[in-house]
Amino acid sequence: MARRLKPVGLEFTESAPLRLVFAREVSAPAQAVFRALSEDVTGWPDWFSAVTLARPTDDGAGREVRLRGGARMRETILAAEPDTVYAYRVDETNAPGIRALVEEWRLTPSGTGGTRVQWTFAADGAAAFRVGLRLGRAGLGRAFRDAVAALDRRIAVNPRDSRAS
């Protein structure tokens, strides 16, 4: 059964009791990375192995996401600033122990023509949830690195994804 989470804003990425931040540089330009994150929502399972289903809801203002292991989430998009930031809040989930969750993908052009991708996972929850996330930090970091590398390969194979809109 889905549970409603606390409706926090984008500022939660700075104030959350638990913040996990990961970064990696990719060769793809920021516009292509942003497009994959924000416009090709249904393509997320093709490059982020933890995601089994992703689809836009509410005319693009939200998302429905399913993860390996059975977690389901309904999300609200908090920020979609072209080529810069894409962020969403989890509003409902069947995952236990979570009180609030915001994920932010921040994109910064690199000097090599690529993009520095930074993912902030900001959360609050029961003590067991917070301990579990801290213990799982290395696994989340590995999942992020693998996903961003797969996204970079996907964009390289599909050059149309790197064109500006």
Side-chain angles (χ1 to χ4, degrees), residues 1-28 30 33-34 36-38 40-41 43-57 61-81 84-110 114-154:
M1 175 163 197
R3 292 178 307 99
R4 299 258 336 138
L5 302 186
K6 183 177 176 184
V8 295
L10 190 56
E11 71 284 350
F12 191 68
T13 60
E14 296 298 326
S15 64
L18 180 61
R19 295 177 65 247
L20 303 177
V21 181
F22 307 97
R24 183 174 184 108
E25 190 166 319
V26 297
S27 61
V33 176
F34 181 80
L37 292 171
S38 67
D40 186 19
V41 173
W44 278 56
D46 296 334
W47 56 270
F48 206 135
S49 65
V51 177
T52 61
L53 174 126
R55 64 178 161 217
T57 61
R63 305 180 340 153
E64 176 185 355
V65 176
R66 293 185 186 188
L67 304 177
R68 289 188 193 275
R72 296 184 314 266
M73 298 170 198
R74 290 199 53 85
E75 303 169 339
T76 295
I77 308 303
L78 298 175
E81 299 174 23
T84 306
V85 65
Y86 183 66
Y88 43 89
R89 170 188 66 224
V90 175
D91 295 316
E92 294 180 11
T93 185
N94 65 338
I98 305 172
R99 285 193 282 266
L101 177 60
V102 172
E103 295 181 44
E104 177 191 70
W105 297 77
R106 188 157 296 275
L107 310 176
T108 309
S110 70
T115 305
R116 180 178 186 270
V117 180
Q118 178 179 292
W119 179 46
T120 300
F121 189 93
D124 186 19
F129 170 77
R130 292 192 315 267
V131 168
L133 270 182
R134 285 187 184 102
L135 292 174
R137 178 181 175 77
L140 273 174
R142 188 170 29 262
F144 165 77
R145 287 188 303 275
D146 292 350
V148 171
L151 176 59
D152 200 29
R153 288 190 302 273
R154 176 182 168 95

Got a sec, which residues hit ring pair (Phe, Tyr, Trp, His ring centres under 6.0 Å) with W47, two or more places apart in sequence or on another chain? W44
Measure across A30 and L107 and return the closest heavy-atom pair with its distance rounded to 0.1 Å. O-CD1, 3.7 Å
Heavy-atom pair of closest approach, residues R68 and S49: NE-O, 2.5 Å
Nearest 0.5 Å, please: how far is OG in S27 from CZ in R153? 10.5 Å
In this structure, CG of L101 is separated from CG of D124 (nearest 0.5 Å) by 10.0 Å
From F22 atom CZ to R142 atom CZ, the distance as rounded to the nearest 0.5 Å: 10.5 Å
Determine whether D152 and R154 satisfy the following criterion, salt bridge (charged side-chain N to carboxylate O under 4.0 Å, His left out), listing intermediate values before the conclusion. CA-CA 5 Å; D152 200 29; R154 176 182 168 95; over 6 Å; no
Hey, are the side chains of L140 and L20 touching, using non-hydrogen atoms and a 4.5 Å cut-off? yes
Using a strict threshold of under 4.0 Å (side-chain N to carboxylate O), is an ion pair present between R116 and E25? no
Please report the closest heavy-atom contact between A123 and F129, naming both atoms and the distance. CB-CE2, 3.8 Å
Under 4.5 Å between any side-chain heavy atoms of R19 and E14, yes or no? yes
Polar side chain donor-acceptor pair, Q118 to W105, under 3.5 angstrom: no
Taking the side chain as every heavy atom from C-beta outward, state whether I77 and R63 have any atom pair closer than 4.5 Å. yes
Is the closest basic N to carboxylate O distance between R74 and D91 below 4.0 Å? no
Is there a donor in the side chain of T57 and an acceptor in the side chain of E64, or the other way round, less than 3.5 Å apart? no
Beyond-backbone contact of I98 with L5, side-chain heavy atoms, under 4.5 angstrom: yes
State, to 0.1 Å, how close A54 and P45 come at their nearest heavy-atom pair, and which atoms those are. N-CG, 4.1 Å
Using only atom types and a distance under 3.5 Å, with no angle test, would you say the side chain of R3 pairs donor to acceptor with the backbone of E92? no
A80 to F34 - nearest heavy-atom pair and separation: C-CZ, 3.8 Å
Looking at T93 and R72, would you say the former's side chain and the latter's main chain have a donor-acceptor pair under 3.5 Å? yes
Where do V51 and L53 land on the side-chain contact (heavy atoms from CB on, under 4.5 Å) test, with the steps shown first? CA-CA 6 Å; V51 177; L53 174 126; 5.8 Å; no
Begin from the C-alpha positions of L78 and V102 and carry the test side-chain contact (heavy atoms from CB on, under 4.5 Å) through to its verdict. CA-CA 9 Å; L78 298 175; V102 172; 3.9 Å; yes
Distance-only, no hydrogens or angles: does the T115 side chain make a donor-acceptor pair with backbone N or O of P109 under 3.5 Å? no
Looking at G70, is its backbone amide N or carbonyl O close enough to the side chain of N94 to form a donor-acceptor pair, meaning the two atoms are under 3.5 Å apart? yes
Minimum side-chain heavy-atom gap F12-P17 below 4.5 Å: yes
So do F121 and L133 actually touch side chain to side chain, heavy atoms under 4.5 Å? yes
Kindly compute the distance separating CD (E75) from CZ (R89), expressed to the nearest 0.5 Å. 10.5 Å
Side chains of E104 and L10: does their closest heavy-atom pair fall under 4.5 Å? yes
Should V117 and F144 count as side-chain neighbours, where that means a heavy-atom distance under 4.5 Å? yes
